[in-house]
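Written out below as structure tokens is the structure these notes cover.
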Amino acid sequence: SLVKAETKDQPTTGSRSQEKFKTLLIHRDGGVYKITLNRPQKKNAIDFQMYEEWGQALKEASDDKTCTLAVVTGAGDYYCSGNDLGNFANVPPDGIKAMAEKGGEILKKFVAAFIDFPKPIIALVNGPAVGVSVTVLGLFDIVYATDKATFHTPFSQLGQSPEGCSSYIFPRLMGSAKASELLLFNRKITAAQAVERNLVTEVFPDSNFQKEVDTRVKQYAQLPKQSLQKSKILIRDANIAKLHQVNEEECKVLVERWQSEDCMNAIMNFFQIIILI
Amino acid sequence: SLVKAETKDQPTTGSRSQEKFKTLLIHRDGGVYKITLNRPQKKNAIDFQMYEEWGQALKEASDDKTCTLAVVTGAGDYYCSGNDLGNFANVPPDGIKAMAEKGGEILKKFVAAFIDFPKPIIALVNGPAVGVSVTVLGLFDIVYATDKATFHTPFSQLGQSPEGCSSYIFPRLMGSAKASELLLFNRKITAAQAVERNLVTEVFPDSNFQKEVDTRVKQYAQLPKQSLQKSKILIRDANIAKLHQVNEEECKVLVERWQSEDCMNAIMNFFQIIILI
Amino acid sequence: SLVKAETKDQPTTGSRSQEKFKTLLIHRDGGVYKITLNRPQKKNAIDFQMYEEWGQALKEASDDKTCTLAVVTGAGDYYCSGNDLGNFANVPPDGIKAMAEKGGEILKKFVAAFIDFPKPIIALVNGPAVGVSVTVLGLFDIVYATDKATFHTPFSQLGQSPEGCSSYIFPRLMGSAKASELLLFNRKITAAQAVERNLVTEVFPDSNFQKEVDTRVKQYAQLPKQSLQKSKILIRDANIAKLHQVNEEECKVLVERWQSEDCMNAIMNFFQIIILI
């Protein structure tokens with residue numbers, strides 16, 4: 001693409017390609033490829049287009065030789081409110097099964113893009129994070145959060161089940177007694193609690209969050225590129241095949257869940273609540 | 001059984017089957033299958049009969065379609081003082097080796113019942129926990145504890161070795177430097193320290209422990225049953241074969257330990273101390 | 001060896017074999033085999049000789065039937081400043097590639113000695129720890145630290161990559177978000193932060209560090225030897241083959257890194273800084 005051609009292999013002083021994506025802002029500067037989730041009016045909920053574009057952006061950052069590391073953050077007050085339930089609002093003519101299967105394919109591809117991302121990737125969690133935007137944090141290399149951030153994975157409450165490799169990674173971060181509280185029993189935690197649970201690297205007061213994390217990201221982007229990539233591969237490699245297998249299995253269970261009565265009821269209740277409010 | 005027939009497949013307002021088990025109280029209510037270890041005069045030490053009955057109760061909870069989740073707690077001030085050393089007090093005519101092997105089989109079957117339990121299982125640790133009652137906590141999905149609880153696994157001190165899959169799970173909960181302190185060097189920890197080490201989900205002041213945990217358990221039991229089970233299976237599945245292998249290996253080492261001079265001396269000293277007091 | 005013959009199979013009241021090793025002090029007492037890194041004028045940096053001797057000492061402790069456990073500490077203010085960059089100061093006639101390959105072999109053998117060590121091994125971190133002296137801590141059973149200790153693994157900054165099995169163990173101790181901060185992004189942490197990250201068992205005020213840890217080590221050395229060894233093997237065994245594979249892979253990447261321009265530049269800068277100061 002044109003944008004890619006312009007920036008590839010040459011130092012950039014900052015370029016934007018927000019024209020390219022409808023749901024994301026992209027900003028390249030000093031080795032940093034920054035992805036901003038940009039549906040603030042929807043609390044950055046991930047619709048099918050955002051799943052697709054987010055995956056494409058990761059591919060672009062991976063191929064871009066000027067990019068040392070990738071950063072993900074959210075526009076507005078939310079980091080990301082997770083899967084846009086609007087994805088399930090209109091049942092297509094080929095029925096619920098086809099819709100669930102399509103959703104499973106899109107999700108699997110999205111999560112796989114994180115598993116395979118070969119460079120350091122840093123989340124800057126600027127506000128509340130929900131659902132799949134929380135679970136894929138386990139596939140990031142660094143997670144910095146403002147003290148206004150919260151982390152919530154209300155799967156069973158919605159008749160669903162965990163994704164983003166969280167069924168495998170979360171128990172390894174915090175033990176299964178704490179992981180189960182999040183993944184089975186819908187507990188919402190603060191940023192400080194997420195640090196204790198090893199999901200978040202460090203939390204900062206909201207007032208100087210942006211300044212603090214920008215300074216760090218800039219420093220990190222100056223480190224020897226090859227050492228960073230080789231080290232990341234060492235850290236992740238032992239697990240990559242396993243993670244793809246977990247992703248496959250999680251999506252399979254979720255496709256089945258999406259077709260269950262529990263899930264249908266939960267989603268219908270959700271939309272009713274929205275309407276009533 | 002009659003008790004089972006009465007409750008299966010129908011909502012219950014609370015039924016008791018304490019007649020069925022000599023060492024346990026069972027209480028079913030609102031999707032909760034509650035097991036109370038009931039040898040308070042022995043600090044709920046696990047004799048051979050309790051191993052057997054506890055395993056049977058888990059089977060019953062597993063088969064009971066009205067049961068969403070299982071809960072384990074202790075009667076009286078103790079949660080559980082671990083393996084009843086009285087199990088080794090009378091050497092049978094076929095000798096120490098046969099006694100140790102019988103003990104190994106009983107223990108292996110007991111631990112396997114936790115590994116295979118397909119529904120969420122919650123420990124309510126109402127007081128001190130010792131030995132195997134601590135190690136199997138790693139196989140629970142949620143562990144709530146009163147601040148009066150302590151956790152102690154004095155294996156090497158008694159010439160023994162870790163069981164309950166703790167040799168595998170504890171280093172994964174808290175790192176091997178902290179796991180070794182517990183499993184090799186007999187350190188007793190408080191409930192707060194057990195939370196830091198990811199063995200316990202949360203600790204509550206003793207004064208409102210029962211009220212707090214009852215409220216949560218009731219809420220959890222209302223969640224969609226299928227989502228809970230499918231999610232638990234996702235979380236545990238990657239490990240089930242490995243856990244059975246660990247259980248097998250741990251029991252093998254322990255059967256050998258039980259026949260060692262170190263262990264004989266430690267047990268004889270233990271009984272002398274009891275007698276002297 | 002003579003020293004070994006004198007102490008084997010008999011209780012010792014304390015013997016020293018510092019004549020044997022140039023870079024280490026060895027002290028045997030009451031079942032404890034204590035290794036003191038003894039190049040205080042070089043902050044106990046590990047030159048090729050110390051790698052070799054440290055490995056030999058572990059072999060000796062392993063074979064010594066009077067030894068229940070091994071202890072490692074540093075002479076002077078530092079615990080250990082890591083790989084002595086002087087190892088790379090004089091490029092031999094057979095070139096950089098041969099030098100890097102030799103370094104890789106020495107390192108692999110050194111780390112393997114920790115993976116295979118069959119008895120409990122305890123680190124007493126008496127001051128700052130850097131590089132490989134930090135990463136191999138993940139292979140110790142207990143790590144006690146003074147509050148003056150710091151932990152620093154500046155690999156990418158020097159164009160290098162993680163070793164000591166840290167690419168595998170550190171994410172399992174503290175999650176990858178915290179492990180990456182140390183292993184990719186050169187963050188130096190305090191002893192208290194190392195406890196939070198499960199790398200260190202416990203931290204003590206420097207004023208009573210020696211007294212506290214000596215008391216504990218003495219107690220631990222009185223525990224039944226066989227139970228300790230069997231329990232340690234249970235805890236480590238599931239992983240030993242995997243750890244050797246990780247060690248192999250890490251050393252391979254590092255040999256390649258040592259020949260890279262990034263690394264050459266970093267090392268040359270390092271020596272310039274030394275000279276300028």
Side-chain angles (χ1 to χ4, degrees), chain A residues 68-69 114-115 119-123 125 136-145 165-166 168-175 178-179 192 194-203 213 216-239 242-243, chain C residues 135 153-187 189 193 196-199 239 241-243 245-267 269:
Chain A
T68 301
L69 53 81
F114 288 93
I115 298 173
K119 302 178 179 181
I121 179 164
I122 297 174
V125 186
V136 294
L137 289 177
L139 296 166
F140 280 68
D141 299 294
I142 293 279
V143 181
Y144 291 136
C165 294
S166 60
Y168 181 79
I169 292 178
F170 278 29
R172 281 157 184 79
L173 292 178
M174 60 190 85
K178 288 178 184 168
V195 172
E196 283 163 26
R197 281 160 181 78
N198 295 326
L199 182 62
V200 166
T201 313
E202 194 169 345
V203 57
V213 297
R216 295 187 185 211
V217 166
K218 269 182 200 163
Q219 286 173 354
Y220 297 166
Q222 301 313 311
L223 290 166
K225 223 177 280 194
Q226 281 301 310
S227 276
L228 289 179
Q229 284 199 35
K230 297 281 180 183
S231 299
K232 165 155 181 169
I233 288 166
L234 274 176
I235 291 172
R236 293 281 173 187
D237 222 22
N239 261 338
K242 181 69 193 168
L243 291 172
Chain C
T135 56
T153 49
F155 297 122
S156 67
Q157 196 173 298
L158 296 171
Q160 302 190 21
S161 56
E163 16 67 341
C165 294
S166 60
S167 69
Y168 181 79
I169 292 177
F170 278 29
R172 281 156 185 80
L173 291 178
M174 61 190 84
S176 54
K178 288 178 184 167
S180 299
E181 207 185 21
L182 306 190
L183 298 178
L184 298 183
F185 298 124
N186 310 297
R187 174 151 180 206
I189 56 171
Q193 289 167 333
E196 283 163 26
R197 281 159 182 76
N198 295 326
L199 182 61
N239 261 337
K242 181 70 192 166
L243 291 172
Q245 189 189 321
V246 169
N247 184 25
E248 178 95 28
E249 185 60 24
E250 286 179 343
C251 290
K252 213 174 95 186
V253 173
L254 202 41
V255 165
E256 183 210 292
R257 291 283 83 218
W258 281 333
Q259 300 173 64
S260 71
E261 209 182 329
D262 284 337
C263 185
M264 290 296 152
N265 289 339
I267 290 173
N269 286 334

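Each chain gets a letter, A, B and so on, in the order the sequences are listed, and its residues count up from 1.
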**Study point:** Exceeds 12 heavy-atom contacts within 6.0 angstrom, atom NZ of C:K242
**Key:** yes
Exercise for review: Output the option from A:Q226, A:Q222, A:R236, A:R172 having the highest count of non-hydrogen pairs under 4.5 Å with chain C.
Suggested key: A:Q226
Point to revise | Atom pair OG/CG of A:S227 and C:L254 - distance to nearest 0.5 Å | key: 9.0 Å
**Study point:** Heavy-atom contact with chain C under 4.5 Å, split by part of A:L199
**Key:** backbone
**Study point:** Contact class of A:V195 relative to chain C, heavy atoms under 4.5 angstrom
**Key:** both
Review point. Tell me, do A:Y144 and C:E181 make a side-chain contact under 4.5 Å, heavy atoms counted?
Key: yes
Point to revise | With A:R216 via side chain to side chain donor-acceptor pair (under 3.5 Å) - residues at least two apart | key: A:E202
Practice item. Against chain C, label A:L228 side chain, backbone, both or neither, depending on which of its atoms sit under 4.5 Å from a heavy atom there. Key: both
Practice item. Could you tell me the separation between the CG atom of A:N198 and the NZ atom of C:K178, rounded to the nearest 0.5 Å? Key: 4.0 Å
Exercise for review: Between chain A and each of C:F185, C:Y168, C:F170, C:F155, count heavy-atom pairs under 4.5 Å; write down the option with the most.
Suggested key: C:F185
Exercise for review: Side chain from CB out, backbone as N, CA, C, O: work out which of these in A:R197 comes under 4.5 Å of a heavy atom of chain C, or both, or neither.
Suggested key: neither
Point to revise | Proximal component of C:Q160, with respect to chain A [non-hydrogen, under 4.5 Å] | key: backbone
Exercise for review: Using the test side chain to side chain donor-acceptor pair (under 3.5 Å), find all partners of C:S156 that sit at least two apart in sequence or belong to another chain.
Suggested key: C:N186
Practice item. Would you mind checking which part of C:E256 comes under 4.5 Å of any heavy atom in chain A, side chain (CB onward), backbone (N, CA, C, O), both or neither? Key: side chain
Review point. What distance do A:I235 atom CD1 and C:I169 atom CD1 have between them, rounded to the nearest 0.5 Å?
Key: 12.5 Å
Study note, to complete from the structure: CG (C:L184) and NZ (A:K230) are apart, to the nearest 0.5 Å, by 14.0 Å
Practice item. Please name the pair of heavy atoms, one in C:A177 and one in A:I142, separated by the smallest distance, quoted to 0.1 Å. Key: O-CD1, 3.7 Å
Check your understanding: Is a side-chain donor or acceptor of C:S176 paired with a backbone partner of A:D141 at a separation under 3.5 angstrom?
Key -> no
Review point. Do the non-hydrogen side-chain atoms of C:S161 and A:S231 ever get within less than 4.5 Å of each other?
Key: yes
